[in-house]
Asks: 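Questions regarding the structure given below will be posed in turn.
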Amino acid sequence: MMKTVFERPTSLKSAPFRYCPGCGHSLIHRLIAESIDSLRIRERVIGIAPVGCAVFAYDYFDFDILEVAHGRPPAAATAMKRVLPDRIIFSYQGDGDLAAIGTAEIIHAAARGENITVFFINNATYGMTGGQMAPTTLLGQKTTTTPNGRDTGHSGYPLRVAEMLATVEGASFIARTAVDSPKNLLRTRALIEKAFRYQSEGKGFSLLEILSPCPTDWGLSPEESVKWIQSDMIPVFPLGVLKDRYAAEET
Ligand code: SF4
């Protein structure tokens with residue numbers, strides 16, 4: 001029988017991940033690192049870490065990583081890309097960083113058509129601070145601040161970030177994927193590469209929303225968590241490419 005060997009991507013340090021068992025961040029970090037290796041852009045990449053569970057991204061990625069104030073990665077990415085146009089700049093942001101405190105920054109970066117790549121990790125909760133309601137929390141979902149489940153009368157509706165940004169004229173590529181299955185891991189990897197490639201080709205603003213398990217704050221096992229993504233999250237946040245300005249050139 002052939003033995004499968006998983007080698008560490010060059011763009012990942014050998015440091016063990018400190019994420020909870022079953023957390024999607026570890027998978028997504030690996031997919032980003034593999035994509036950077038595959039595109040041979042490691043020496044040109046600068047990542048921006050969020051305030052959130054991935055705040056220590058610089059401990060894991062083996063290329064330049066900047067830590068900026070909560071919600072401000074798109075503003076910092078804008079500045080870096082304009083000053084260093086040959087660099088590949090990406091931000092890595094969660095629900096709180098991008099969809100709450102950083103809503104203004106992400107919308108205006110998209111409207112300006114900044115030539116940057118954004119990875120938005122949607123786990124429908126505030127992970128680092130203990131599982132409070134996020135803008136992406138589903139209706140009926142129990143969190144520490146919605147113990148009886150999110151209800152529209154008190155907390156409104158979940159924010160669909162990818163759909164919202166797809167309506168922004170300046171955005172070039174907007175897609176949503178998930179890390180709930182081997183098939184979707186491969187699809188996520190391909191979309192990450194495409195988003196980076198678009199930036200290399202000067203095609204403008206790209207955002208990839210990634211549905212990601214948070215077993216700890218969901219109170220589920222890792223296996224139950226990926227099933228919950230499939231049964232509860234994907235119907236609210238459907239997967240697919242929502243906008244691709246250059247789709248005709250790709251076929
Ligand atoms: S709290 Fe959730 S998002 Fe944060 S590391 Fe644990 S599983 Fe991952």
Side-chain angles (χ1 to χ4, degrees), residues 8 12-34 47-61 65 67-71 73 90-103 106 118-138 140-147 149-150 158-162 176-182 184-185 188-189 192 207-234 236-237 239:
R8 176 171 54 84
L12 271 189
K13 295 178 181 171
S14 59
F17 289 123
R18 292 191 298 269
Y19 297 115
C20 310
C23 176
H25 282 306
S26 316
L27 293 169
I28 298 165
H29 284 14
R30 182 176 176 104
L31 295 175
I32 290 173
E34 286 178 352
I48 302 178
V51 172
C53 288
V55 70
F56 297 123
Y58 53 79
D59 273 352
Y60 310 126
F61 287 121
I65 292 275
E67 182 67 55
V68 304
H70 203 8
F90 77 88
S91 70
Y92 185 104
Q93 302 177 255
D95 312 78
D97 199 81
L98 185 143
I101 195 169
T103 316
I106 195 64
V118 176
F119 300 118
F120 168 47
I121 317 306
N122 175 357
N123 58 19
T125 190
Y126 289 164
M128 182 184 71
T129 48
Q132 296 87 357
M133 188 193 86
T136 48
T137 294
L138 304 186
Q141 182 182 341
K142 291 184 179 172
T143 69
T144 56
T145 48
T146 55
R150 180 176 189 170
L159 199 60
R160 293 186 174 98
V161 168
R176 184 184 287 118
T177 182
V179 288
D180 61 306
S181 65
N184 280 338
L185 283 170
T188 301
R189 161 86 192 268
I192 290 170
L207 178 138
L208 182 60
E209 178 174 336
I210 306 173
L211 307 185
S212 175
C214 175
T216 300
D217 287 330
W218 293 353
L220 301 174
S221 71
E223 189 181 0
E224 290 167 339
S225 295
V226 292
K227 287 183 178 157
W228 192 76
I229 288 178
Q230 294 158 358
S231 64
D232 288 65
M233 283 190 84
I234 290 176
V236 177
F237 301 113
L239 309 186

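By convention here, the first residue in the shown sequence is residue 1. Whatever order the structure lists them in is the order used to number ligands and atoms, beginning at 1.
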Asks: How about Cys53: does one of its N, O or S atoms come closer than 2.8 Å to atom 8 (Fe) of ligand 1?
Replies: no
Asks: Please confirm whether the backbone N or O of Gln141 pairs with a side-chain atom of Thr146, one donor and one acceptor, at under 3.5 Å?
Replies: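 Yes, because the side chain of Thr146 sits within donor-acceptor range (under 3.5 Å) of the backbone of Gln141.
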Asks: Hydrogens and angles aside, do Asp217 and Thr125 bring a side-chain donor and acceptor to less than 3.5 Å of each other?
Replies: no
Asks: Just checking His29 against Tyr19, ring centres under 6.0 Å apart?
Replies: yes
Asks: Is Arg18 positioned over the aromatic face of Phe56, cation under 6.0 angstrom from the ring centre and no more than 45 degrees off axis?
Replies: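 Yes, Arg18 and Phe56 form such a contact.
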Asks: Distance under 4.0 Å to a non-hydrogen atom of Cys23: what atoms of ligand 1 satisfy this?
Replies: 3 (S), 5 (S), 7 (S), 8 (Fe)
Asks: List the closest protein heavy-atom neighbour of atom 2 (Fe) of ligand 1: residue, atom name, distance to the nearest 0.1 Å.
Replies: Cys214 SG, 2.3 Å
Asks: In ligand 1, which numbered atoms sit nearer than 4.0 Å to a non-hydrogen atom of Asp217?
Replies: 1 (S)
Asks: How long is the gap from CD1 on Ile229 to CZ on Phe237, to the nearest 0.5 Å?
Replies: 11.5 Å
Asks: Looking at atom 3 (S) of ligand 1, what's its closest protein heavy atom, distance included?
Replies: Asn123 ND2, 3.5 Å
Asks: Any N/O/S of Cys20 under 2.8 Å from atom 4 (Fe) of ligand 1?
Replies: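 Checking atom 4 (Fe) of ligand 1 against Cys20, no N, O or S atom falls under 2.8 Å.
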